Amino acid sequence: MALSAITPQFHLHQDLQNLNSHFPGIHSPNKTFTLSFKPQKPYLISSTLNPPQNSLNTTATTSIAPQNPTNSRLLQLCLSGNLEHALKHLASMQEAKIPVEEDCFVALIRLCENKRGYSEGEYVWKAVLSSLVSLLSVRLGNALLSMFVRFGDVGNAWSVFGRMGERDLFSWNVLVGGYAKAGFFDEALCLYHRILWAGIRPDVYTFPSVLRSCAGAMNLVRGREVHAHVVRFYFDMDVDVVNALITMYVKCADVVSARMLFDKMPTRDRISWNAMISGYFENDECLEGLELFFRMRELSIDPDLMTMTSVISACELLGDERLGRQLHSYVVRTACGGNISVYNSLIQMYLSLGHWKEAESAFSGMECRDVVSWTTMISGFVDNLLPEKALEIYKTMEITGTMPDEVTIASVLSACASLGQLDMGMKLHELAERTGHILYVVVANSLIDMYSKCKRIEKALEIFHQMPDKDVISWTSVINGLRINNRCFEALIFFRKMKLKSKPNSVTLISALSACARVGALMCGKEIHAHALKAGVGFDGFLPNAILDLYVRCGRMRTALNQFNLNEKDVGAWNILLTGYAQQGKEALVMELFKRMVESEINPDDVTFIALLCACSRSGMVTEGLEYFQRMKVKYHITPNLKHYACVVDLLGCAGKLNEAHEFIERMPMKPDPPIWGALLNACRIHQQVLLGEFAAQQIFKEDAESIGYYILLCNLYADSGKWDEVAEVRRTMKEKGLIVDPGCSWVEVKGKVHAFLSGENFHPQMQEINVVLEGFYEKMKTSDFNGQESSSMDGVETSKADIFCGHSERQAIAYSLINSPPGMPIWVTKNLYMCQSCHSTVKFISKRVRREISVRDTEQFHHFKDGLCSCGDEGYCERNDKKA
DNA sequence: AAGGGTGCCG
């Protein structure tokens, strides 16, 4: 039966009459008693009792010592704390149908409560129920109420409450407190008003629970009403009640009211100070909080553990490392020194300010550590981009025998994710399954992220589908996982599904936008852009730059520039634009834009120089590129990373300076990684330097024998040099290793819908028409002199050459949009692999025949085809861009 | 006799 069934639906004026008749001094000005009653959560009860109108002054049944020896024995067992025997004794008494006296039940219930024996308590409650003739006495009922509330079982507490013949204020207070603690704030407030209607005068124990409910519901209006009640009942001088009021105001974000109360207090205890100080911190008014903390010190009131933990975490918010160190030394000198929580917040403070060495020494100096200490270290190392150290700490934690909780597991998983440590991640998965921690949403979310980042997207999807409750982060993780596993199309399908169930946040939108940008889904991206603006998050965090990135990657530079002008022009925005122009092959614009960036006093960062180096590399501007590389180090004090070195190798190598590139690698201050050797291998392919290329490949396979891209490069190197036996050898190795070439995939957006074409698959409903159209073009190409220029490279060996890794899916995409879009409309295709020379020629031909602009964006750059020409320049294309597959 | 008020980890 629902709570509302026994909650009388009072009419407002009737309530007021009631109230006025009991407390003539109290009337109902303003909004004080305008209460709304929401439908209640259902609780099973088997009583239809209404609370008595006035249950004050009811006396508990006087307790009488047990009359018979069996009862005496039970009482004795209870008093000696032997729950197990007591329960056995109870069972035997029930079997023998010996009535159990109230005293025994009360003692037994208290014992259950003290021993935290929930199931035992429930058993006793059933025993009480079965022996119950009429209604529960106040004494027995209160004991049961107290026990169930302690166990957080408000359902049973309510059931007990309903079976009580009489109740005193204690009964009401316990129940209100139980609802408040269990998070049923509306129910607690409803009960509070029933206390008033019943004509009972609340006491100092009532208000803290009621105020906690107002705070929990973030209901300032109700909180103010209760404040008015406090004043009218003359409890506004009681320190505990006023402390609760301060806390209520603080949690409802009304710090000013809290402070007014605090200032008016005739006496304050430490809790008043703590509530007010931490209240300031919670409301981001750290300076005021610190000021109050110093006032407290001036008044020689010693801060306690709670004061210290909250002030220390305020240093974290303020970024005040100096004060943090002072507090640290204060903590060491005082009694707080041995406290785990205080130390935990110190460690957290150091870690969040990036001083992980201090955190480490504070941590190692701790006499004892709890799971929070360990977890703080682990997640702190993850945040400080030191996942290896996070795993080290976790391994030590395992040795010391501390059991990880759900937060620990989530943090360690995030370390595994950033390290790509699948083995460790799978061990944690097993652990989470075994301990039941997988039921926590955070744990499952971290697992999705870990599996995605370790390239096990199927596992990630499996976990996602098994989750009973998915939150925004679950959806975002799976969308992002699909995106980073090159399954952007599916990512967008999930995004659509998500919108029906859960509200995407700005992180979700960024991930979805990035997926759109990847597959060139402009309309879909625009929709998300509009959604973001409508939801009022369009300018949150990285979202403006994600939108900019969408337009740039879809090749809509004009729209991109508009967006750029709207955005706050941070380094990120400039970098996106620079990278975009570099991909469009507009080197001169890149240089110009960089000049303007510097003029507008934006400091370039490492990414900026990657864009610049790429632009130089693409246009063969070796001198300029090397100059930028120097400038980055000398003028901007940016230490080049592996990606910069790879860019320089590419720059030198593609320009034919292979030996210089090799020497450059040898001179590197760090160990070259596979992508750097890959750049050299690619250069060797362009300039047909088989020996050096083979050397580079050897270096790569020593470290990375699983990435398919390098095998394809090597294959192409051999193919371009006519070494067909070696090609076959490499392909055999690939097959042995089970490496599968990504199927070519092209996306085209027609009428706002993205269509994906997978090479080798023919399941598109219009596939027949598409093939007819393509056949037509091939026929015409044969008869025209258009294909003359590349006939030399297309004869005989064509199928064995680089083209085998293309998939040619872009042809289908183009044919599809020719059929389905109006004449003259430009066509935009996005591709997951590099466009092969044969496709390049075909598309050039098509663009001339149909007089349409066709843009194909492959993994490397944009090809804008118009009137039989491509923006990349045909020579340039053969040289540089028919290289990597 | 019991019940209430303050802090730390993703």
Side-chain angles (χ1 to χ4, degrees), chain A residues 60 63 106-107 109-110 113-114 138-139 141-147 149-150 168-178 180-181 188 202-213 215 235 238-248 250-251 258 268-282 303-314 316 336 339-349 351-352 359 369-383 390 404-415 440-443 445-446 449 473:
Chain A
S63 63
V106 170
I109 291 159
R110 294 222 174 107
E113 185 183 332
N114 291 332
V138 176
R139 209 163 84 92
N142 282 353
L144 283 162
L145 272 178
S146 168
M147 177 185 74
V149 161
R150 171 75 55 92
D168 60 10
L169 186 52
F170 178 84
S171 329
W172 289 95
N173 284 348
V174 171
L175 198 63
V176 174
K181 260 187 275 179
D203 67 1
V204 290
Y205 289 111
T206 320
F207 285 109
S209 295
V210 176
L211 288 165
R212 185 189 178 132
S213 303
F235 288 125
D238 183 279
V239 183
D240 295 328
V241 174
V242 179
N243 285 348
L245 274 170
I246 290 175
T247 307
M248 181 276 294
V250 154
K251 301 265 190 236
R268 304 177 189 101
D269 61 8
R270 226 189 299 276
I271 290 172
S272 325
W273 287 92
N274 288 348
M276 197 61 234
I277 290 172
S278 68
Y280 274 124
F281 296 150
E282 269 174 52
D304 64 0
L305 304 175
M306 307 241 177
T307 331
M308 290 316 288
T309 46
S310 63
V311 180
I312 290 167
S313 54
E316 182 186 329
C336 309
N339 183 270
I340 296 185
S341 296
V342 173
Y343 256 79
N344 288 349
S345 55
L346 270 173
I347 293 170
Q348 163 65 17
M349 184 264 301
L351 284 166
S352 79
R369 308 171 183 99
D370 63 5
V371 65
V372 176
S373 327
W374 292 99
T375 308
T376 309
M377 286 304 286
I378 292 167
S379 64
F381 275 131
V382 173
D383 292 344
D405 69 1
E406 76 280 7
V407 187
T408 324
I409 295 178
S411 309
V412 183
L413 278 169
S414 124
Y440 286 95
V441 182
V442 264
V443 172
N445 289 350
S446 318
D449 189 54
I473 300 175

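Side chains are part of it too, since the values below use all heavy atoms of this structure and drop only hydrogens, waters and symmetry mates. Chain naming here is simple, since letters A, B, ... match the order of the sequence lines and numbering starts at 1 in each. Owing to the predicted nature of the structure, the values given are computational and were not obtained by experimental measurement.
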Are Ile277(A) and Val311(A) packed together at the side-chain level, in the sense that at least one heavy-atom pair is separated by less than 4.5 angstrom?
yes

Between Lys181(A) and dG4(B), does any side-chain N or O lie under 4.0 Å from OP1 or OP2?
yes

Gap between atoms CD1 and C1', on Ile340(A) and dG7(B) respectively (whole Å)
14 Å

Looking only at the side chain of Ser379(A) (C-beta and beyond, no hydrogens), which of the listed nucleotides dC9(B), dG3(B), dG7(B) gets closest?
dC9(B)

Could you tell me how far apart Asp370(A) (CG) and dC9(B) (C1') are, to the nearest whole angstrom?
9 Å

Heavy atoms under 4.0 Å, any strand shown: does Glu316(A) hit a base, just sugar-phosphate, or nothing?
nothing

Donor-acceptor pair under 3.5 Å: do we get one between Asp240(A)'s side chain and the base of dG4(B)?
yes

What is the nucleic acid contact for Asn445(A), judged by heavy atoms within less than 4.0 Å: base, sugar-phosphate only, or nothing?
nothing

Mind checking what makes side chain to side chain donor-acceptor pair (under 3.5 Å) contact with Arg150(A), not counting sequence neighbours?
Glu113(A)

I'd like to know if Arg110(A) reaches the base of dA2(B) with its side chain such that a donor and an acceptor end up less than 3.5 angstrom apart.
no

In whole angstrom, give the distance that lies between atom CD1 of Ile109(A) and atom P of dA1(B).
18 Å

Closest nucleotide among dG4(B), dG3(B), dG7(B) to the Pro208(A) side chain
dG4(B)

How many whole angstroms separate atom CZ of Phe381(A) from atom C1' of dC9(B)?
15 Å

Below 3.5 Å, does any donor atom in the side chain of Tyr205(A) face an acceptor in the base of dG3(B), or the other way round?
yes

Compute whether any side-chain donor of one residue and acceptor of the other, for Thr375(A) and Thr408(A), lie under 3.5 angstrom apart.
yes

Mark yes or no for whether Asp203(A), through its side chain, and Thr206(A), through its backbone, hold a donor-acceptor pair below 3.5 Å.
yes

Using only heavy-atom distances, decide whether a donor-acceptor pair under 3.5 angstrom links the side-chain of Asp269(A) to the base of dG5(B).
yes

In whole angstroms, how far is the C1' atom of dG7(B) from the CH2 atom of Trp273(A)?
18 Å

Check whether the side chains of Asp449(A) and Ser446(A) place a donor and an acceptor atom closer than 3.5 Å, and report yes or no.
no

Nearest listed nucleotide, side chain of Ser310(A), among dG3(B), dC9(B), dG7(B):
dG7(B)

Between CD1 of Ile409(A) and P of dC9(B) the distance, given in whole Å, is 19 Å

Any Arg150(A) side-chain N or O less than 4.0 Å from OP1/OP2 of dG3(B)
yes

Return the nearest nucleotide to the side chain of Thr247(A); candidates are dC8(B), dT6(B), dG4(B).
dT6(B)

Distance-only donor-acceptor test, Ser146(A) side-chain atoms vs dG3(B) base atoms, 3.5 Å:
no

From C-beta outward on Asn173(A), which listed nucleotide comes closest to its side chain: dG4(B), dG3(B), dC9(B)?
dG3(B)

Considering only dT6(B), dG4(B), dC9(B), which nucleotide approaches the side chain of Val407(A) most closely?
dC9(B)

Pair Ser373(A)-Asp370(A), side-chain donor/acceptor within less than 3.5 Å:
yes

Measure from the side chain of Ala275(A), starting at C-beta and using heavy atoms only, and say which of dG5(B), dT6(B), dC9(B) lies closest.
dT6(B)

To the nearest angstrom, how far is Asn243(A) atom CG from dG4(B) atom C1'?
10 Å

Partner set under ring-ring contact (aromatic ring centres under 6.0 Å, His included) for Phe170(A), not counting sequence neighbours
none

Considering only dG3(B), dT6(B), dC8(B), which nucleotide approaches the side chain of Ile271(A) most closely?
dT6(B)

Per Val372(A) side chain, nearest of listed nucleotides dC9(B), dG5(B), dG7(B)
dC9(B)

Grab the CG-C1' distance between Asn274(A) and dC8(B) for me, whole Å please.
14 Å

Out of dG3(B), dC8(B), dG7(B), whichever nucleotide has its closest atom nearest the side chain of Phe170(A):
dG3(B)

